[in-house]
Amino acid sequence: MKRLAIRILVFLTNLLYDLFKIFPSRNKITLISRQSDEMTLDFKLLSEQLNKMSDAKIVVLTRTLDINVRGLLGYLGHILRQMFNMATSRVVVLDGYCIIASILKHKKSLTIIQTWHATAAIKQFGHQTIGKEDGNPRIVADEMKMHQNYDYVICASKETEKAFAKGFNVSMDKFVPMALPRLDYMQRPAGDELKAITDKYPELLDKSKKNIVYIPTFRKDRPVDVASLAAYIDYSKYNLIVKPHSLDVGTCKLVEKLRLPNVICDQNLNTYDLIKLADCMISDYSSFIIEASILDIPIYMYVFDLEEYKEKVGINVDMSQEAIGKYQFVKAKDVAKAIEENNYDMESLHQFRDKYIEVETKDACQRLAAFVIDKLNK
């Protein structure tokens, strides 16, 4: 019954899309994301660069999808905008799974480029998680044609291509070696964006203390263990700043509930600005580990739920086997101890970085924009 209902929905959506396809394709590039209700950093940088390098019309559509009645109803209008702009664009750029991009039958003149919202895939995703607790049911993935219709997929290394190929269920010939704009941005000197953070939290400028930035990945319906980590930090030497995933609405509430006064938890901080203030970083299964490796700061992995995460989500990169695997810990006290020892093996970090970022990161935004424009003109 569920399969039939989805098929009918997909069929009717394509009928409606046929009406939109009556409109002619224009010299237009559409960027679509559901990672945030605001423009993501990558799309902000890319749209600005596209406007500098091309006279094409640039449309950016960003909105998260809340799985509830109100959220779904509110998303319908956004879907119609997606459909119209796909039907009238020559290039569509995505940074995640877009239902409409996958289920519709597009004009042959449309090129769809998947940039994804991470430089790598430490944790499993997409087709890799079908049937798992945190993944999609097989029926939904098949009938919603999950991750279909991509012409090109941006990827930073051959190693990551293997995971992306499985997650997207695409052939290797679709991959284009290129860095995301964010890597270019992360290497720029700090600007007004950083000042906004230090104006809000002036204690982060205290030279007598080091800043530990904790950036955990998203856990579906499960909390992040901030309390255990916070208990072992020496606050006479360190500031602990927690930046939850954009979809994590509970971690900062938990910090407030547990009354952890020494812990800064702020979901609204820009991760790519905040990391420039970090003396070291703690994460877990987040691909931000790979992105942050270009900044040459010590990186630690706090994987308190490793076995549970393997079962519910799945792991592509066994960090214990990587060059920086000696900095992966299950217990919070071991993370704190390693930070206190202050003898990080930076060469291991460089080996790890070079394995997962094989492409040029300088001028990454300009390179991606040039690639998009090239497809626009063909």
Side-chain angles (χ1 to χ4, degrees), residues 20-21 23-33 35 39-62 82-98 100-102 104-121 147-161 164-165 167-188 291 294 356-378:
F20 286 118
K21 286 192 291 186
F23 294 93
S25 297
R26 300 174 55 193
N27 188 40
K28 180 166 68 172
I29 302 167
T30 298
L31 283 57
I32 300 176
S33 173
Q35 299 304 308
M39 198 181 305
T40 62
L41 175 62
D42 284 324
F43 276 6
K44 178 178 183 294
L45 297 171
L46 180 57
S47 61
E48 290 173 352
Q49 190 66 43
L50 287 170
N51 278 317
K52 291 178 183 177
M53 297 173 61
S54 171
D55 59 357
K57 179 178 176 60
I58 310 301
V59 176
V60 183
L61 303 176
T62 61
Q82 288 182 3
M83 292 169 67
F84 172 77
N85 282 286
M86 282 188 188
T88 56
S89 294
R90 296 193 187 279
V91 178
V92 167
V93 182
L94 309 174
D95 69 351
Y97 174 48
C98 175
I100 297 303
S102 292
L104 297 177
K105 296 178 181 178
H106 301 287
K107 295 177 181 177
K108 291 183 179 180
S109 60
L110 179 67
T111 297
I112 298 180
I113 302 170
Q114 174 63 261
T115 63
W116 202 231
H117 53 268
T119 294
H147 292 304
Q148 288 192 21
N149 292 330
Y150 303 155
D151 295 293
Y152 301 98
V153 179
I154 302 302
C155 191
S157 72
K158 290 291 184 182
E159 195 67 30
T160 297
E161 281 182 11
F164 277 9
F168 295 133
N169 192 29
V170 300
S171 58
M172 302 298 285
D173 61 341
K174 292 184 181 292
F175 288 101
V176 179
M178 201 171 295
L180 295 176
R182 67 180 72 172
L183 296 185
D184 195 4
Y185 179 88
M186 288 172 68
Q187 297 172 91
R188 296 178 187 175
E291 296 167 1
I294 66 175
Y356 289 97
I357 303 178
E358 296 179 322
V359 296
E360 177 61 63
T361 58
K362 184 180 180 181
D363 298 324
C365 189
Q366 186 174 340
R367 293 170 189 269
L368 179 56
F371 178 76
V372 172
I373 293 169
D374 178 66
K375 303 311 167 188
L376 175 74
N377 295 328
K378 286 189 175 180

Checklist line | Residues, nucleotides or ligands: over 12 heavy atoms within 6.0 Å of Lys44 NZ | finding: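 12 or below, so no.
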Check: Would one find more than 12 heavy atoms of other residues, nucleotides or ligands at under 6.0 Å from atom NZ of Lys107?
Finding: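 Counting neighbours around NZ of Lys107, more than 12 heavy atoms of other residues, nucleotides or ligands fall under 6.0 Å, so yes.
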Donor-acceptor contact present, side-chain [X] to main-chain [Y], <3.5 Å:
X      : Y      : answer
Arg367 : Lys362 : yes
Thr88  : Pro24  : no
Glu161 : Met172 : no
Glu358 : Ala156 : no

Rounded to the nearest 0.5 Å, what separation is found between the [atom1] atom of [X] and the [atom2] atom of [Y]?
X      : Y      : atom1 : atom2 : result
Thr115 : Met178 : OG1   : CE    : 11.0 Å
Met83  : Leu104 : CE    : CG    : 5.5 Å
Ile29  : Ile113 : CD1   : CD1   : 8.0 Å
Thr111 : Phe371 : OG1   : CZ    : 8.5 Å
Phe175 : Ile154 : CZ    : CD1   : 10.5 Å
Lys28  : Leu110 : NZ    : CG    : 10.5 Å

Closest approach of [X] to [Y] (non-hydrogen atoms, all atoms of both residues):
X      : Y      : result
Tyr97  : Tyr150 : CA-OH, 4.2 Å
Cys98  : Ile32  : SG-CG2, 4.0 Å
His106 : Ala101 : NE2-O, 2.8 Å
Met39  : Thr62  : N-OG1, 3.9 Å
Val359 : Cys155 : CG1-O, 4.3 Å
Ser33  : Phe43  : CB-CE2, 3.7 Å

Is any side-chain heavy atom of [X] closer than 4.5 Å to a side-chain heavy atom of [Y]?
X      : Y      : result
Lys375 : Asp151 : no
His117 : Thr40  : no
Asp42  : Asp95  : no
Leu376 : Arg90  : yes
Thr119 : Tyr356 : no
His147 : Asn169 : no
Leu368 : Pro181 : yes
Phe164 : Val170 : no

Next item on the list: Decide side-chain contact (heavy atoms from CB on, under 4.5 Å) for Asp184 and Leu45; before the verdict, give the C-alpha distance in whole Å, the side-chain angles of both, and the deciding distance to 0.1 Å.
Entry: CA-CA 10 Å; Asp184 195 4; Leu45 297 171; over 6 Å; no
Kindly list each side-chain donor-acceptor pair under 3.5 angstrom involving residues 50-61, sequence neighbours excluded, with atom names and distances?
from: Asn51; atom 1: ND2; to: Ser47; atom 2: O; distance (Å): 3.1
from: Ser54; atom 1: OG; to: Ala56; atom 2: N; distance (Å): 3.0
from: Asp55; atom 1: OD1; to: Asn27; atom 2: ND2; distance (Å): 3.4

Notebook entry, point to check: Picking from Arg182, Glu291, Gln187, what satisfies side-chain hydrogen bond (donor to acceptor under 3.5 Å, both in side chains) with Thr361?
Noted result: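 Result: among Arg182, Glu291, Gln187, Gln187 is the only option passing the side-chain hydrogen bond (donor to acceptor under 3.5 Å, both in side chains) with Thr361.
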Checklist line | Residues Gln114, Val153; criterion side-chain contact (heavy atoms from CB on, under 4.5 Å); working and verdict | finding: CA-CA 5 Å; Gln114 174 63 261; Val153 179; 4.2 Å; yes
